[in-house]
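Below is one structure; the comments refer to it alone.
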Amino acid sequence: MGAQQVRDVFVDLYGAEPEGVWSAPGRVNLIGEHTDYNDGFVMPFALPHVTTAAVSRRTDGVLRLHSADVDGGVVELALDALAPGSDRNWTAYPAGVVWALRETGHTVTGADIHLSSTVPTGAGLSSSAALEVVVALALDDLYELGLKRWQLARLCQRAENVYVGAPTGIMDQTASACCQAGHALFLDTRDLSQKQIPFDLAAEGLRLLVVDTQVKHAHSGGEYGKRRAGCEKGAALLGVDALRDVPYEGLDEALARLGDEEEVRRLVRHIVTENHRVERVVSLLESGDTRAIGPVLTEGHASLRDDFRVSAPELDLVVDAALSAGALGARMTGGGFGGSAIVLVEATDVETVTKAVTEAFAAADFTAPRVFEAVPSAGARRVS
Ligand code: ADP
Ligand code: MG
């Protein structure tokens, strides 16, 4: 949906032109999975899919919210009544951002917001971060708060962790706030230092497909907690602050020290090799060897499947079918147990690979996947 349409609906809802229109993208993680809560490296890029928000300030302590993507009318909230955990609806995301801004001491006296999104929700593409970041950026602009992009990301993470109550890392919000078109973002989740890495697929005759399996296996929440706890146990047994501190060169020695802690050994091996894979992808892209990242992505999938054990039959099938049909590399992306996979292909192979994946899903009696092309796109911005 274009900015003008979002503007027009805003006028219909609130009876005046908005002060401006902003947008923030969803994201895909190229490599670096489950490393964020181990102080490690991640490497997301922004999707062309965005959440767009038309916003005006108010002075009376009222927040009015409307989403084109949710049934129901305008929701009106009093700023003074905003409290973590008080809202179980979609409105908790934007309200959480306003709460986090005010709690940090910023003056926000109200807002009228209408938003509309092209980011698929619940597909592991981070529609929640797009929603938070677009609201944070709009309010930062209108209230002249002067926040840096990484500060906006932190505030949005706080909104999601504390207000919404979802224990997520910093990657999604940073990607939505900081990514640049034609680049992937190399982010160190320990100190939030970041570097834009050239990732212009089209210029190299390559494409990156996102395959949304449209499944989410029910036990994902509990399994996430178990992986986190296992990683913490590994760090404690090895005497480091976080698994990020185990060097790749010291992996064999670390595994030997873990003795018969078989599960912890597997988790540690994934995290240490995954951080190393992120660094390998960075150096391959920086030296212009984009095709060579394919096998690294595929290795990452094997590690998530066999060591970290967060894949799903649907994700494994995407990877196997795509590779058999000539893809350069493929992996699950996001937390796992469903959601999406990414596939790196020659531009000339897009149709063959898409067909192979779709047919494999039909043969396995799985729900038909949604396949689309991901062009590394711009981060959050004002659009009018
Ligand atoms: P993901 O971030 O992977 O898409 P989440 O479960 O983290 O999945 O966030 C999805 C939730 O975010 C939705 O259930 C909804 O509450 C909220 N959300 C995202 N986009 C919108 C939107 N455009 N309008 C209203 N709510 C949205
Ligand atoms: Mg999310």
Side-chain angles (χ1 to χ4, degrees), residues 1-3 5-6 9-10 13 21-29 33-34 36-37 42 44 46-47 49-55 63-75 77 85-98 113-138 153 156-177 179 210-218 220-221 224 310 312 315 332-342 370 372 374 380:
M1 193 176 291
Q5 211 174 341
V6 174
V9 176
F10 184 100
L13 289 167
V21 180
W22 291 259
S23 78
R27 64 93 190 100
V28 159
N29 192 20
E33 218 64 78
H34 287 274
D36 61 345
Y37 52 84
V42 295
L47 289 170
H49 306 67
V50 292
T51 299
T52 302
V55 184
L63 176 64
R64 294 199 292 182
L65 299 166
H66 185 268
S67 168
D69 309 310
V70 175
D71 289 335
V74 172
V75 175
L77 303 167
S86 62
D87 187 352
R88 294 273 159 246
N89 300 311
W90 72 272
T91 46
Y93 294 87
V97 170
V98 175
I113 300 178
H114 164 65
L115 55 96
S116 173
S117 185
T118 58
V119 187
T121 54
L125 303 174
S126 216
S127 69
S128 59
L131 172 51
E132 292 149 11
V133 170
V134 75
V135 168
L137 182 65
C156 291
Q157 184 199 14
R158 186 162 164 71
E160 186 150 347
N161 290 169
V162 180
Y163 199 92
V164 178
T168 56
I170 188 67
M171 168 170 69
D172 299 352
Q173 294 83 359
T174 308
S176 189
C179 278
V210 174
V211 182
D212 173 6
T213 66
Q214 313 217 56
V215 294
K216 191 77 207 166
H217 293 289
S220 59
Y224 177 84
V310 290
L315 295 166
M332 54 159 280
T333 183
F337 305 108
S340 300
I342 55 173
R370 254 172 34 86
F372 62 90

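All values reported here derive from a predicted model rather than from experimental measurement. Numbering of ligands and ligand atoms starts at 1, following listing order.
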Protein residue, atom and distance nearest to [atom], heavy-atom basis:
| atom | answer |
| --- | --- |
| atom 21 (C) of ligand 1 | Leu131 CD2, 3.9 Å |
| atom 6 (O) of ligand 1 | Tyr93 OH, 4.3 Å |
| atom 3 (O) of ligand 1 | Gly124 N, 3.3 Å |
| atom 9 (O) of ligand 1 | Ser128 CB, 3.4 Å |

I want to know if ligand 1 touches [X] in the polar sense, i.e. an N/O pair below 3.5 angstrom.
| X | result |
| --- | --- |
| Thr121 | no |
| Ser127 | yes |
| Gly122 | yes |

Flag side-chain contact, heavy atom, 4.5 Å: Thr121 against Asp69:
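In short, these two side chains do not touch, never coming nearer than 4.5 Å.
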
Taking the side chain as C-beta and beyond, is there a heavy-atom pair between Val119 and Ser126 under 4.5 Å?
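No, their side chains stay 4.5 Å or more apart.
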
Under 4.0 Å and counting heavy atoms only, is there anything from the protein next to atom 14 (O) of ligand 1?
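Within 4.0 Å: no protein heavy atom nearby.
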
For ligand 1, note which part of [X] has a heavy atom under 4.0 Å away: side chain, backbone, both or neither.
| X | answer |
| --- | --- |
| Asp69 | side chain |
| Leu115 | side chain |
| Ser67 | side chain |

As an exercise, state the distance from [atom1] of [X] to [atom2] of [Y], rounded to the nearest 0.5 Å.
| X | Y | atom1 | atom2 | answer |
| --- | --- | --- | --- | --- |
| Tyr93 | Ser127 | OH | OG | 7.0 Å |
| Leu137 | Cys156 | CG | SG | 9.0 Å |
| Leu131 | Thr91 | CG | OG1 | 10.0 Å |
| Ser340 | Asn29 | OG | CG | 12.0 Å |

Would you confirm whether [X], through its side chain, and [Y], through its main-chain N or O, come within 3.5 Å as a donor-acceptor pair?
| X | Y | answer |
| --- | --- | --- |
| Asn161 | Thr168 | yes |
| Thr333 | Ala341 | no |
| Thr52 | Ala3 | no |
| Ser176 | Pro25 | yes |
| His34 | Gly335 | yes |

For ligand 1, which atoms sit closer than 4.0 Å to a heavy atom of [X]?
| X | value |
| --- | --- |
| Ser117 | 23 (N) |
| Trp90 | 15 (C), 16 (O), 25 (C), 26 (N) |
| Val70 | 24 (N), 25 (C) |

Mutual orientation of the aromatic rings belonging to Phe372 and His49 [parallel < 30°, tilted 30-60°, perpendicular > 60°]:
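Because their plane-to-plane angle lies in the 30° to 60° range, the rings of Phe372 and His49 count as tilted.
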
Candidate pair Asp36 and Ile170, rule side chain to side chain contact (heavy atoms under 4.5 Å, CB included), full reasoning:
CA-CA 7 Å; Asp36 61 345; Ile170 188 67; 5.6 Å; no

Using 2.8 Å as the cut-off, note every protein N, O or S atom close to the Mg ion (ligand 2).
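Checking every protein N, O and S atom gives Ser128 OG.
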
